[in-house]
Every structure is written in C-alpha cells, then in structure tokens.
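Structure first, then comments.
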Amino acid sequence: MSSIQLIQATPISLSSPLQALESCSTMAELKQHHSQIIKLGLSADNNAMGRVIKFCALSKNGNMGYAEKVFDTIPKPDTFIYNVIMNGYLQRQLPRYSIVLYSQMLQDFLAPNNFTFPCALGACCNDNAVEEGKQVHAHVFKFGFGSDGFSQNSLMHMYVKFESLEEARRVFDKMVKRNVVSWTTLISGYAQRGYIDEALKIFESSMTQRNSVVWNAMIAAYVQSNRFHEAFALFDRMRAEKVVLDKYVAASMLSACTGLGALEQGKWIHCYIEKNGIELDSKLATTIIDMYCKCGCLEEAFEFFNGLDYRGVSSWNCMIGGLAMHGKGEVAIELFQEMERKMVAPDNVTFVNVLSACAHSGLIKEGRYYFSYMTEVHGIEPRREHYGCMVDLFGRAGMLEEAKKLIDEMPMSADESVFGALLGACGIHGNIELGEQLGMRVIDLEPKNSGRYVILANLYSKAGRWEDVASVRKLMNDRGVKKSPGFSVIELGGVVNEFIAGEITHPQAKDIYAKVDEMLECIRSAGYVSNTDGVLHDLDEEERESPLHYHSEKLAIAFGLLNTNPGEILRISKNLRICRDCHQACKLISKVYDREIVVRDRNRFHHFRNGECSCRDYW
DNA sequence: GTAGGGTTAG
C-alpha cells in the first residue's frame, strides 16, 4: 500500500512503472511490474497492457502463455496489442494462430495498420494459406497500405513462396520506392525457380542500392544452379566495389568452392573468416567442414571440426557424411558413437549419413543394425531417404532380391530416388530384366533427368541390345533431354582449370594430349588394357563422341602431372561418375608415376595410391 | 512491434 501512495504522491508516478517495463529482462521482473500496474488500476489500459504483452510475446525471455492470459483480461484490445500477439505466434511457428487472430481483429472492427500486414502475410506464407493470403492482399489495398514498402515486400515474399512469380513481379513493378529487401526477395525468388537470367537482370537494376545481402542473393543464385564460375566472377566484382564480406557471402562462396573442388580458394575464405573475426556460427562451421570434405581434405576437416567450441548436430552430420563419402565407413560409425557419448541427439540426417557410410563401405551387418537402431533407440522413424540408403546398401552388394523386398515393405510409396538406387544396382550387377522395368518407371517419374536414360541405355548395351539402346536415345532426343557434358576440374596455384573430354581449347592442349598418350603408353606396360572391347560405352555418361582415352579426368591428370612437382597430390573433381576405364587407368597411373590422385565424382571420393583405390573397387 | 541472404545424403 505504502509504495502506491508514494508513487501517487509524485507527478511522474504513472509513467515510471511503465518505463520500468522497458528495462525488464526476465519474466519474474515483468510479473512484478505487471501487478504494480494492476494495483494502479490500469488493467484496462491498452497502453500499459500492450507493453506487458509486448514483453511476453516478443522478448527473448518472454512467455507466450502469460501474454495470452493478459490478452484475455483486456476488454477492448487495440491494433497494437493484436499486432504484438500475432507476431509472437508467428515467431513461435504458430502461423495459424496469427491468422485466426487477424480475422478476429477484423470482426472486432479494428483497422489493421502497416505493422499488421507484414505479420499477417508472413503467417499466411508459413501456413501455406494461399487463399487467405490473397484475401489479406486485398485488405492491404482496402485499408490504404498499397504503397507501404513493408507490406509490399511481404506480399512479394508470400507470392515467391506460393510460386506465383508473376504476382510477385507485379507487386515489384508497382513499387515506387524499392529497398534492399525488395531486390533481394525477387532475386532469390527467380533463383529458386531456376530463372537465373531473370534474377541477374533484377540484380543489375539494383545498382544504386546494393548491400551485401543483395550481392549474396545473386551469388547464392549462381551457386544453387551450379554456375560456380559466375559466382566467382560476381564475388570479384563485389570485392572490387569494396563491399564487406560477411558470413553469408562467405558461406555462399565456400559452397562455390565446394562445387568446383577449389580447395585453395576455399582455404582462402576460411582464413579470411578467421583473420577478420567473421562470426563463426554453427551453420558456417558446417559449411567449412563440408568444403574440406568435398575438396578431398578429410584431415583438415577433422582438425577444424575438433577445434570447434560448439559442435551442433549438423556439424556432426556433415563430418560423418564426409567420412562416408571417402569410403571410411568404420570411422564414420566410430564418430557416430562418439557423438552419442557426447550426448548430442542425432536426427534423421545423421542416420542417412550413417547408413550411407555403411552402403559405401559394404558394411551390410552394420547397416541393418543401425536401420533398426534409429527407431528402437532414438525413436526416429525411417523416411524414404533411409529406405533409399538401405536399397543402395543391398543393391551395391548384389543382394537385389533383398533390396526389392525392402521396397515392397516400405510403409510409404517409393520415389524415383529409391527406384534409382535399385536401378543403379542393376547396372552394376547386370540384372537386365529388373533394370529394364525400373528404368522405364524411373524415366516416367523423372522425364527430364538425363542420368536415368543413360543408365538404362548402358544396361541395354551391356546386354548387346543395340536396338533398345537406340530407342532410348531417340526418346531422349524427342523429349529434348540433353546429357550434361562431363567435365573435370583441377585447381593449381589457386587457378581452377576445367577440362571437357576431347576439347582442345586449353592453351597447353598440345602438351596435355601428348602427355595423355605418354601416360597410356606407360600404364600399358604395367598391364593396362583399354576397356574398349565391344561398344560397351556406346552411351557412356561422358560424351560418346570423344574417345575413351581422352576422357576429361585423364586430361586433368595429364595437366596436373605437367604442372606439379613429383610427390604432390593431384586433386580432381568430376561432375559425373568416373567410368570403369578411367578408374582402372587412375589406379595404374598412381603406381607408375608414384602419385597420389584424389578424384571426387558425383557420388564419392576415390583415393588412388600405389595402384589401389580407397573404394576397393566397391562403387 | 514489422521484411531479406548461408549448411547437412543419394
């Protein structure tokens, strides 16, 4: 009682408890101030209650349940209060609650304002509420916020999410004042749907107001569509314009390096991050681990991983996946066990990686064990991806019946990737009948994926069924499906060199081809027989027109031998899978030239040393 | 009180 009298005695008495609300940091403090305010008789005061609710709904330590309780006691909540509570739900991933509140607000004849719409639209977006989103769009105009930048950007964002790019573009075109968010939203919108050229046009027109976010949206657009060189070019432009390199750009560029296998460039960015104190969060750490793994440096990846102060589940997953890719299944399992000892809860991705580690290393028993372990011990139900890994595991090992049985037993329908895993196995083990059925099915499911046609055609060619090979090729042509051309990349002295089979445009082309011939001569005397018998590779993944011995990886190796010192490791990345012939050749080259060669193909790593490959020919 | 960018398998 006495404290209230004291407050009432001074003229600033009413504002001070409200001011105190602004400085609270815990719910306990807030509740104290709240009860004081009620004692002052302000329980129906929207200004006072609004501040209480704001803290509960929006601050880090806020309690949404308390916000709801207070909300229920307010006789006539105003727009501000609705906004704050709707935002609270949105931030807590409860968009449906926000939408319900929005319509309640309209029923109460409260006019939404410029703060309401971004929230309501965001809620529709997160709840996939297309129809309601369109209605809110109409309200934006009806209530006079048609030219409010925040509302317009939120509209664009929503339409991008709903895949109505035309609608997003219409909003963008009508905007009188655009800001960085407008550019960014549209650029990434186009990029997500694969319209990179359109994204670039928007980017170029953002000239006057570009910050690192806009730059990154475009760089990421290139990276996501595998146009790594263009990402690098844009990055150079960005640095020339002295735009700061922040953690997002660093992450995108690391992915570009990963895509190309450009280790030196990746290391440079890693160094830059450390030197310039760029915040190393768990996502960025994962990107760095991924870069080292996919650029062939497991040791560096491990060193970095071990040096991290905090290792989130995605970092563990990435490291386990890296080991899997390098054929180190046993080590991957050990790392998983360490993860459990460190009490890091695995998620579904963890088990995808553990199972794929088993598949790549032929660990059938272990794969079976972890497949049931994930559900029994961690309560994680297997998804399609996990079934895909198991099909891959059995399939590679030649246990096609077992793989087929598993597909039949799946509680969900199999998709193209599950069938694809089995199809791949039919290819390895030459099961024509099953492969033919699956091939047709997978092509129907994914008519634009050239790889599917190639596997089926290869299967036919293995069986000598040339007419069928021809008809698959005709089908591809008729549908306008083109094989992605095979290329290999080798990075020397920070320069990325790219080779395409049979291509002669490289400045050192003459020397390179001579070196290939020399290489072949040398390995022939070591027992190499070029795998050209029959027309087995009639429709290989690599361009058919170029002779086998000028496949892109051979050109890259020749280039590497010409331009490095004895003993240096040659690291090559290939966008497709390495073919049998090149695999055999690499083994012998590693022996004859006494060179370690690391080849990353579409699926995994091959470490060639002294005539052997780390995959033990199991791939 | 409000909006935008990066990672993890096959």
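Within every chain, numbering begins at 1; the chains are lettered A, B, ... in the order of the sequence lines, protein sequences first and strands thereafter.
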Is the side chain of A:R193 donor-acceptor paired with the backbone N or O of A:S188 at a distance under 3.5 Å, no angle test?
no
Residue A:L284, side-chain heavy atoms: nucleotide from B:dT8, B:dA3, B:dG6 that is nearest
B:dG6
Counting side-chain heavy atoms from CB outward, which of B:dT8, B:dG6, B:dG5 is closest to A:D290?
B:dT8
Taking only the side-chain heavy atoms of A:V181 (C-beta and beyond), determine which of B:dT7, B:dG4, B:dT8 contains the nearest atom.
B:dG4
Candidate pair A:F304 and A:H270, rule ring-ring contact (aromatic ring centres under 6.0 Å, His included), full reasoning
CA-CA 10 Å; A:F304 175 74; A:H270 179 194; 4.9 Å; yes
Under 3.5 Å, is there an N or O donor on one side and an acceptor on the other linking the side chain of A:N216 and the base of B:dG4?
no
Which part of the nucleic acid, if any, lies within reach of A:H360 when heavy atoms closer than 4.0 Å are counted: base, sugar-phosphate only, or nothing?
sugar-phosphate
Just to be sure I understand the rule, does A:N317 reach a base, reach only the sugar-phosphate, or reach nothing, if contact means heavy atoms closer than 4.0 Å?
base
In a check of ring-ring contact (aromatic ring centres under 6.0 Å, His included) between A:F351 and each of A:Y387, A:F336, A:W316, which one passes?
A:F336
Calculate the interatomic distance between A:I81 atom CD1 and B:dT2 atom P; express it in whole Å.
17 Å
Going by the side-chain hydrogen bond (donor to acceptor under 3.5 Å, both in side chains) test, name the single residue among A:N113, A:D108, A:N87 that passes it with A:Y82.
A:D108
When you get a sec, tell me which of B:dG1, B:dT7, B:dG6 is the closest nucleotide to the side chain of A:L58?
B:dG1
Rounded to the nearest angstrom, tell me the gap between atom CZ in A:R396 and atom P in B:dG10.
8 Å
Value in whole Å for how far the P atom of B:dA9 lies from CD1 of A:I380
16 Å
Within this structure, what is the CZ-to-P distance between A:R210 and B:dG4, rounded to whole angstrom?
21 Å
Do A:S59 and A:N61 get their side chains close enough for a donor-acceptor pair, meaning under 3.5 Å?
no
Mind checking if A:S212 touches a base, just sugar-phosphate, or nothing, with heavy atoms under 4.0 Å?
base
Is it true that atom CD of A:E204 has more than 12 heavy atoms of other residues, nucleotides or ligands lying nearer than 6.0 Å?
yes
Without decimals, in angstroms, what is the distance between A:K161 NZ and B:dG4 P?
12 Å
Between B:dG10 (P) and A:R600 (CZ): distance, integer Å:
12 Å
Under the criterion of centre distance below 5.5 Å and interplanar angle below 30°, is A:F115 classified as stacked on the base of B:dT2?
no
Side chain of A:N83 only, please: which of B:dG5, B:dA3, B:dG1 is the nearest?
B:dG1
Do side-chain atoms of A:D127 reach the backbone of A:A123 as a donor and acceptor pair under 3.5 angstrom?
no
For A:S314, report the nucleic acid contact type (base, sugar-phosphate, nothing); a contact means any heavy atom under 4.0 Å.
base
Side chain of A:P118 (C-beta onward), nearest among B:dG4, B:dT7, B:dT2:
B:dT2
Sugar-phosphate, base or nothing in reach of A:D415, heavy atoms under 4.0 Å:
nothing
Whole-Å distance between B:dG6 C1' and A:M238 CE?
13 Å
Mark yes or no for a side-chain to base donor-acceptor pair under 3.5 Å between A:S417 and B:dG10, with no hydrogen or angle criteria applied.
yes
Nearest of B:dT2, B:dG1, B:dT8 to any side-chain atom of A:N113?
B:dG1
What's the closest nucleotide to the A:F150 side chain, out of B:dA9, B:dG1, B:dA3?
B:dA3
Which nucleotide wins on minimum distance to the side chain of A:T286, given the candidates B:dG4, B:dT7, B:dG10?
B:dT7
Return no unless some side-chain N or O of A:S154 is found under 4.0 Å from OP1 or OP2 of B:dT2.
no
Value in whole Å for how far the C1' atom of B:dG10 lies from CD1 of A:I455:
11 Å
With a 3.5 Å cut-off and heavy atoms only, can you find an N or O donor on one side and an acceptor on the other between the side chain of A:D281 and the base of B:dG6?
yes
Quick one: does A:N179 reach the base of B:dA3 with a side-chain donor-acceptor pair under 3.5 Å?
yes
Touch check for A:F117, heavy atoms < 4.0 angstrom, all strands: base, sugar-phosphate only, or nothing?
nothing
For a quick test of reading the model: is some side-chain N or O of A:Q224 closer than 4.0 Å to OP1 or OP2 of B:dG6?
yes
Between A:K283 and B:dG6, does any side-chain N or O lie under 4.0 Å from OP1 or OP2?
no
Is there a side-chain polar atom (N or O) of A:K54 under 4.0 Å from OP1 or OP2 of B:dT2?
no
Counting just side-chain N and O atoms, does A:S356 come under 4.0 Å of either OP1 or OP2 of B:dG10?
yes
